[in-house]
Amino acid sequence: MIDGKKVLFSGMQATGTLTIGNYLGALKNWVSLSEEYECFYSVVDLHSITVRQDPAELRRRARALLTLYIAAGLDPKKNCIYYQSHVSGHAELAWILNCFTYMGELNRMTQFKDKSAKHADNINAGLFTYPVLMAADILLYQADVVPVGIDQMQHLEITRDIAQRFNAIYGDVFTIPEPYIGKVGAKIMSLQDPAKKMSKSDENPNASIYLMDDPDTIMRKFKRAVTDSEACVRYTDEQPGIKNLIDIYSACTGKKPEEVEREFDGKGYGDFKTAVGEAAVSVLKPVQERFAELEKDKAYIDSVIKENAEKAGYFAQKTLRKVQKKVGFPEKIR
Ligand code: ATP
Ligand code: LTN
């Protein structure tokens, strides 16, 4: 608890341009939860280097991501929006938690398996212990709730296991976090292969709607989206392409899948895809406009970066000191 409010932590990697999947699955929920909780939203750049990055490009993307958090509606006066690399406590706690995590647990992580298959030439130890750093992010702020998409559930479970293991030895040190998965949009699929998650690192640009795509591009990508030959708009696993488009439409408009089925009863895929495209454009346009304005205000973004890193650092230190004491590190002499 901070000032009587429960704590929320979440983060995203600046590994590419955000997709509508990241927005509907995570960022949109962050905004809706931001009044209720004391929130920490991090640009997790330490995680990003588990995959080789171009330094200038990483810096540019990280700043764009931080700006996008604000453009999406998070008020940096009320929400702590900061770079993970500006708070050394993340790496320090991750080291300690590494010593409370088993190789066997990490071996089971599906994201590790997927990413090592994708980057077979660089299966580094950071990629393997990635979930421990994520656990450190969350536990450092004693977070009660962590809003993420479904793909991160396994990492949330290991975070809880590590926290419970630590608490069983040292007493009540960490709050055990709960995942928060949104009802709609928790897993948006690729527009080109609805069996695959929409991902910002997909090589095929037609597979994803990027947050910064212009209206024409958005409309064109939805028109090209892979569907089926059933020719009816139904929310069923047998029609994964259409189901995914219904999910996107529902998340953008707030309508339930049954309502969407009714709305497009007897209509063709062409009409439906146009409606999905228009709904996405109207959700993304205000975010894009705000982003363009914010990007110009360098001094403002710099002040957010500075002030929030200090705030995050303060809370991080509190937990870190407690943990260091518990494991037996000597007190600093001041
Ligand atoms: P990468 O391709 O680099 O692995 P990603 O697109 O999978 O990236 P992350 O940075 O791993 O995105 O995720 C940021 C947040 O967005 C997480 O909370 C994640 O659960 C959520 N998310 C990612 N992809 C989707 C998706 N397709 N549908 C819903 N939520 C998603
Ligand atoms: N692993 C997450 C990003 C992430 C995160 C976190 C999410 C890093 N640390 C802490 C929630 C809480 C991802 O790839 N989406």
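Just so you know, ligand 1 is whichever comes first in the structure, and atom 1 is the first atom listed for that ligand. The basis for the numbers below is simple: all heavy atoms, side chains too, and nothing from hydrogens, waters or symmetry mates. Predicted model only: the values in this text are computed from it and were never measured.
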Around Lys5, counting heavy atoms of other residues, nucleotides and ligands shown, do more than 12 lie under 6.0 Å from its NZ?
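Counting neighbours around NZ of Lys5, more than 12 heavy atoms of other residues, nucleotides or ligands fall under 6.0 Å, so yes.
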ask   = Is the number of heavy atoms from other residues, nucleotides or ligands within 6.0 Å of NZ (Lys6) greater than 12?
value =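 It does not: Lys6 NZ has 12 such atoms or fewer within range.
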Applying a 4.0 Å heavy-atom criterion (strictly less than), which segment of [X] is in contact with ligand 1: side chain, backbone, both, or neither?
| X | value |
| --- | --- |
| Ser199 | both |
| Met189 | neither |
| Ser10 | neither |

Top protein contact for [atom], by heavy-atom distance:
| atom | value |
| --- | --- |
| atom 8 (O) of ligand 1 | Lys200 NZ, 3.2 Å |
| atom 29 (C) of ligand 1 | Ala186 O, 3.1 Å |
| atom 1 (P) of ligand 1 | Ser201 OG, 3.4 Å |
| atom 3 (C) of ligand 2 | Gly11 O, 3.6 Å |
| atom 9 (N) of ligand 2 | Asp137 OD2, 2.6 Å |
| atom 3 (O) of ligand 1 | Thr15 OG1, 2.9 Å |
| atom 28 (N) of ligand 1 | Ile188 N, 2.8 Å |
| atom 7 (O) of ligand 1 | Lys197 NZ, 2.3 Å |
| atom 12 (O) of ligand 1 | Asn22 ND2, 3.1 Å |
| atom 4 (O) of ligand 1 | Lys115 NZ, 2.7 Å |

Could you tell me which atoms of ligand 1, counted from 1 in the order shown, lie closer than 4.0 angstrom to a heavy atom of Met12?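 Answer, ordered by atom number: 14 (C), 15 (C).
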Hey, can you pull the donor-acceptor pairs under 3.5 Å for the side chains in residues 314-328, sequence neighbours left out?
| residue | atom | partner | partner atom | Å |
| --- | --- | --- | --- | --- |
| Thr319 | OG1 | Leu140 | O | 2.7 |
| Lys326 | NZ | Tyr170 | O | 3.3 |

Charged N to carboxylate O under 4.0 angstrom, Lys197 versus Asp151?
->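 So Lys197 pairs with Asp151 through a salt bridge.
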Inset, instruction - Could you tell me whether Gly149 and ligand 1 have an N or O pair separated by under 3.5 Å? - result: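 Among all N and O atoms of Gly149, at least one is under 3.5 Å from an N or O of ligand 1.
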Checking the N or O distance criterion of under 3.5 Å, is ligand 1 in contact with Pro147?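 No; the residue has no nitrogen or oxygen that sits under 3.5 Å from a nitrogen or oxygen of the ligand.
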In this structure, is the centre-to-centre distance between the rings of [Y] and [X] below 6.0 Å?
| X | Y | result |
| --- | --- | --- |
| Phe112 | Tyr130 | no |
| Tyr83 | His90 | no |
| Tyr141 | Phe174 | no |

Distance-only side-chain donor-acceptor flag, [X] / [Y], under 3.5 Å:
| X | Y | answer |
| --- | --- | --- |
| Tyr235 | Asp247 | yes |
| Asn204 | Asp202 | no |
| Tyr82 | Glu307 | no |
| Gln239 | Thr227 | no |
| Asp137 | Gln84 | yes |

With heavy-atom distances below 4.0 Å as the criterion, list the atoms of ligand 2 near [X].
| X | answer |
| --- | --- |
| Phe9 | 10 (C), 12 (C) |
| Ile138 | 10 (C), 12 (C) |
| Ser10 | 11 (C), 12 (C) |
| Val44 | 8 (C), 9 (N) |
| Gln13 | 14 (O) |
| Val146 | 11 (C), 12 (C) |
| Val148 | 7 (C), 11 (C) |

Please check whether Tyr130 reaches ligand 2 - meaning an N/O of the residue sits under 3.5 Å from an N/O of the ligand, judged on distance alone.
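Yes, Tyr130 has an N/O under 3.5 Å of an N/O on ligand 2.
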Quick test of your reading of the structure: of [options], whose heavy atom lies closest to [atom]?
| atom | options | answer |
| --- | --- | --- |
| atom 19 (C) of ligand 1 | Val148, Asp151, Ile181 | Asp151 |
| atom 13 (C) of ligand 2 | Gln152, His47, Met134 | Gln152 |
| atom 31 (C) of ligand 1 | Gly21, Gly16, Gly11 | Gly21 |

Query raised in the report: Can you tell me how far NZ of Lys200 sits from OG1 of Thr17, rounded to the nearest 0.5 angstrom?
Result: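 With rounding to 0.5 Å, OG1 (Thr17) is 9.0 Å from NZ (Lys200).
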Discussion item. Would you compute the distance between atom CE of Met12 and atom CG of Leu68 and round it to the nearest 0.5 angstrom?
Written reply: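 These two atoms lie 8.0 Å from each other.
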Donor-acceptor list for residues 215-222 side chains, cut-off 3.5 Å, not counting sequence neighbours:
| residue | atom | partner | partner atom | Å |
| --- | --- | --- | --- | --- |
| Thr217 | OG1 | Asp214 | OD1 | 2.9 |
| Thr217 | OG1 | Asp214 | OD2 | 3.2 |
| Lys221 | NZ | Pro205 | O | 3.0 |
| Lys221 | NZ | Ser208 | O | 2.9 |
| Lys221 | NZ | Asp213 | OD2 | 2.7 |

